Number of protein chains: 2
Amino acid sequence: MLQIKRPSIVDVAELAKVSKQTVSRVINESPNVSEKTRQRVLQAIEALGFRRSELARNFSQGRTHSLGVVGRDLNYFGTRTYIGIARQAEALGYSLLLKELPESGIEQIEPMLNALLDRHVDGILWAVPEIADNHAWLDSGLLARIPVPMVFLSMAPRQEATVVAYDNFAGGELATRYLLDCGRKHIGHIAGPQEWWDASERQRGWETTLQQAGMKVLPEHVAMGNWDAASGEAAFHRLLASYPALDAVFVANDKMALGVLLAAHEKGLRIPEDLAVIGFDDITESAYFHPPLTTIFQDKAALGQQAVKTLAHRIEQKFQPAVQHVLESTPLTHQLIVRKTTPAGVIKT
Amino acid sequence: MLQIKRPSIVDVAELAKVSKQTVSRVINESPNVSEKTRQRVLQAIEALGFRRSELARNFSQGRTHSLGVVGRDLNYFGTRTYIGIARQAEALGYSLLLKELPESGIEQIEPMLNALLDRHVDGILWAVPEIADNHAWLDSGLLARIPVPMVFLSMAPRQEATVVAYDNFAGGELATRYLLDCGRKHIGHIAGPQEWWDASERQRGWETTLQQAGMKVLPEHVAMGNWDAASGEAAFHRLLASYPALDAVFVANDKMALGVLLAAHEKGLRIPEDLAVIGFDDITESAYFHPPLTTIFQDKAALGQQAVKTLAHRIEQKFQPAVQHVLESTPLTHQLIVRKTTPAGVIKT
DNA sequence: ACACCAACTGTTACCGGTAACAATAAATAT
DNA sequence: ATATTTATTGTTACCGGTAACAGTTGGTGT
């Protein structure tokens, strides 16, 4: 059961009868190696099955070609986002070191960041949704003490931080304007938890659009849920009670919209005739809701991708300030997906 | 913009006027340090804000206290599973290095494993669903050349491999037996893709249960989907055409069940009176389907947790063969969640 | 008072690469 | 033919810890 030691650069050097530095040059494709020795070294590498230890290389260079990703639950930050992150990181030659921030939270933040820094990640991607003041630590000066570039996913813009995010305000506008285009006059909103930045932005988009259309927006025109289908159902009952004239509702995410559809059925409301519904997210199931849900789509994979690109860009700048790196950016804009919970034959303005 | 160098163990040693070895002893809580020097060292650590470089430690020890996780899409392997993995890894002091195996697949496997080994992960968790022969590489002898413990998530048992999985066969039995208990006589199945191990196991559970109940199982009693809601809808139409007597259906996952519900509505079938439906997975939305879906639950978080425990156990065995490590295992059993797509008042046998 | 042991601390080497600089050999200029 | 480049290769130090072994000190037994 003897574990055979991985061959090291020295083993290769001995076999090829060169110094280990020359081997290093070969594996790093330095041009200053004669073709003859290069071949000899390559042969030795082949013969021994040598592979460079990234661990050793990382240690010696002081950089690890890896990104720390701090997430919460993945649920929010989302499978699609994660795929975008993973693919882009791979494409740019970075590994991902993942950490889950537990609910409890605040006092875990510094240890978590330290754990990543102790492993010398080249950069950190903060993929925790902004809820209440859980980003308040940014004001504590902690950020300034972090010696690697950091990028934040989907949070309110801040002076000191690099943020990659969708404009949820615009998304809310888009949804609400479409309901107006449908000719609806009483457009309610089922919001996500107010403490969530994304939720309050969507709500602000709804509110602003209605006001610009000359409509009054009253507190009883909104009900709040917690993103879950169950809460959407409950919120809809409350909303209908406080706003009986309701003829359309913009729901802050598709899951809650599912609950709304169920509740509306129970109340005997016809959709979309009596009530138009528009969701947010375009989860894969929403095309199979009953009826299929009109919703707002945001390309989460592109979001993750863009975040990694941005982070990598800042890292390269740091390690090779001389070289001009290009940052190609993907536009992040919402898309309206019209299905059956809004009336047919609407002309979009 | 000068980057201040992280203090190293040597800086601490100088400040505390001891050798760096003594500092090492202090941070590793060796008992052989006098209280007086310990305090002096701790003070120096505090003063400098020293933190041990895990990178250096990993390098010097030849182990990284990290697990390589190879996944596909997360979609399948699932958010819940991932949470279980992350939490358990954190609890046991392991970091996670994540890799995404692209669809293309096979020829990517060896490079991917090598990438992990180059970074000296202590163990590898293979979280790619078994589809068709995508696990055939296990027979190539590659596995034997991997110098670290490896654990496979949810695949067919194999001689040479450590597998942590739910018994999907038993899950299929559980679902089907319940439909029998409901008094149904014509129980069809909407299967996942046959190439998926999980799917074929669930189907086998269905088939076996019916046969044991003395019923005939014909090919036209099954239709196959691809896990998506859309495919569930289509499959149901086909199934109904080929098996008109159908009075119950076991659907291999909840998403397809969603499509089935939609299709059944279109056909004017009452649920559960005309058709009983049972899904699989218990995704959060299924409680809000129309009507709420009866389904089979498996605790995916426990699955991920168990996989990490198993892997960690094997790693510890390897690094400290002398110590007897205990492996506490969580039982992985399915649970029947009865909602409204099956008739009320059934006595479970 | 002397040998011996325990408790504590220090020395040296090593993990596997890379960086910076030095040395040698071959090629070109004068 | 000699000085000077240029191309190629080797030497040495270093990254920040840990392991193995070697001292040093003080207390104890006789």
Side-chain angles (χ1 to χ4, degrees), chain A residues 3-42 44-45 48-66 114 117-120 122 147 319-320, chain B residues 3-42 44-45 48-66 114 117-120 122 147 319-320:
Chain A
Q3 280 290 347
I4 295 105
K5 195 178 83 54
R6 265 174 85 108
S8 83
I9 200 174
V10 180
D11 302 319
V12 175
E14 278 169 7
L15 182 58
K17 301 218 183 356
V18 294
S19 71
K20 65 177 186 168
Q21 182 59 48
T22 298
V23 178
S24 174
R25 287 190 184 100
V26 171
I27 59 187
N28 289 300
E29 293 170 328
S30 153
N32 306 323
V33 181
S34 76
E35 193 50 31
K36 215 181 58 189
T37 39
R38 173 192 309 283
Q39 288 307 329
R40 201 146 36 87
V41 170
L42 287 176
I45 287 175
L48 295 173
F50 166 83
R51 308 203 88 235
R52 168 173 64 194
S53 161
E54 287 301 318
L55 182 54
R57 184 166 93 115
N58 291 342
F59 173 58
S60 122
Q61 290 193 141
R63 69 172 290 193
T64 52
H65 304 274
S66 68
N114 277 330
L117 294 175
D118 292 347
R119 284 176 181 272
H120 288 255
D122 289 353
F319 279 102
Q320 313 167 15
Chain B
Q3 281 288 352
I4 295 104
K5 195 178 82 55
R6 265 175 84 108
S8 84
I9 200 174
V10 180
D11 301 320
V12 175
E14 279 170 6
L15 183 57
K17 301 221 183 355
V18 294
S19 72
K20 64 178 187 167
Q21 183 57 45
T22 298
V23 178
S24 174
R25 288 192 183 99
V26 171
I27 58 188
N28 289 301
E29 293 171 327
S30 154
N32 305 322
V33 182
S34 77
E35 193 49 31
K36 215 181 59 188
T37 37
R38 174 193 307 284
Q39 287 307 329
R40 200 142 39 87
V41 171
L42 286 176
I45 287 176
L48 295 173
F50 165 84
R51 309 204 87 235
R52 166 172 65 193
S53 161
E54 288 301 317
L55 182 54
R57 184 166 92 115
N58 291 342
F59 173 58
S60 120
Q61 293 194 142
R63 68 174 290 194
T64 53
H65 304 272
S66 68
N114 277 330
L117 294 175
D118 292 349
R119 284 176 180 273
H120 289 253
D122 290 353
F319 280 102
Q320 312 168 18

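Everything quoted here is computed from the prediction, not taken from an experiment. What you see below is based on every heavy atom in this structure, not just the backbone, and it leaves out hydrogens, waters and symmetry mates. Within every chain, numbering begins at 1; the chains are lettered A, B, ... in the order of the sequence lines, protein sequences first and strands thereafter.
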**Fill in**
Of A/P7 and A/R25, the one whose closest nucleotide on DNA chain C sits nearer the 5' end is A/P7
**Request:** Provide the full list of salt bridge (Lys or Arg N to Asp or Glu O under 4.0 Å) pairs with a residue in residues 10-31 of chain A, sequence neighbours left out, each pair given once.
**Result:** A/K5-A/D11
**Request:** Determine: side-chain N/O of B/S34 to OP1/OP2 of C/dA7, distance under 4.0 Å, yes or no.
**Result:** no
**Prompt:** Expressed in angstrom and rounded to an integer, what is the separation of B/D118 atom CG from C/dG16 atom P?
**Reply:** 13 Å
**Prompt:** What is the distance, rounded to the nearest whole Å, between atom CD of A/Q21 and atom C1' of C/dA20?
**Reply:** 9 Å
**Request:** Measure from CG on B/N32 to C1' on C/dG10 and round the result to the nearest Å.
**Result:** 14 Å
**Asked** Quick one: A/Q39 CD to D/dT8 P, roughly how many Å, whole number?
**Response** 14 Å
**Request:** Would you check if the side chain of B/R119 reaches a backbone N or O of A/T64 as a donor-acceptor pair within less than 3.5 Å?
**Result:** yes
**Request:** Any chance you could lay out the side chain to side chain contact (heavy atoms under 4.5 Å, CB included) test for B/N58 and B/H120, step after step, and finish with the verdict?
**Result:** CA-CA 9 Å; B/N58 291 342; B/H120 289 253; over 6 Å; no
**Message:** Test your reading of the model: is there a side-chain donor-acceptor pair from B/R40 to the backbone of B/A16, 3.5 Å cut-off?
**Reply:** yes
**Message:** Tell me if a side-chain donor or acceptor on A/R52 pairs with a main-chain N or O of A/N28 at a distance below 3.5 Å.
**Reply:** no
**Prompt:** Checking all strands, does A/V33 fall into the base, sugar-phosphate, or nothing category for heavy-atom contacts under 4.0 angstrom?
**Reply:** sugar-phosphate
**Message:** For a quick test of reading the model: is some side-chain N or O of A/T22 closer than 4.0 Å to OP1 or OP2 of D/dG10?
**Reply:** yes
**Distance in angstrom units between A/E14 CD and C/dG17 P, rounded** = 13 Å
**Item:** Polar side-chain contact B/K20-D/dG17 base: donor and acceptor under 3.5 Å
**Value:** yes
**Prompt:** Within a strict 4.5 Å, meaning less than it, do heavy atoms of the B/V12 and B/V26 side chains meet?
**Reply:** no
**Nearest-Å distance for atom pair CD/P, residues A/E35 and D/dT9** = 11 Å
**Message:** I'd like to know if A/R6 reaches the base of C/dG16 with its side chain, counting only an N/O donor and acceptor under 3.5 Å.
**Reply:** no
**Request:** Mind running a 4.0 Å heavy-atom check of residues 48-64 of chain A against DNA chain C and sending the residues that fall below it, in number order?
**Result:** A/F50, A/R51, A/R52, A/S53, A/A56, A/R57, A/F59, A/S60, A/Q61
**Prompt:** To the nearest Å, how far apart are B/I9 CD1 and D/dC14 P?
**Reply:** 17 Å
**Asked** Roughly how far, to the nearest 0.5 Å, is the CD atom of A/E54 from the NE2 atom of A/H65?
**Response** 7.0 Å
**Message:** Would you say A/N28 places a side-chain N or O within less than 4.0 Å of OP1 or OP2 belonging to C/dT18?
**Reply:** yes
**Prompt:** Over how many whole Å does the gap from B/R38 atom CZ to C/dT9 atom C1' extend?
**Reply:** 14 Å
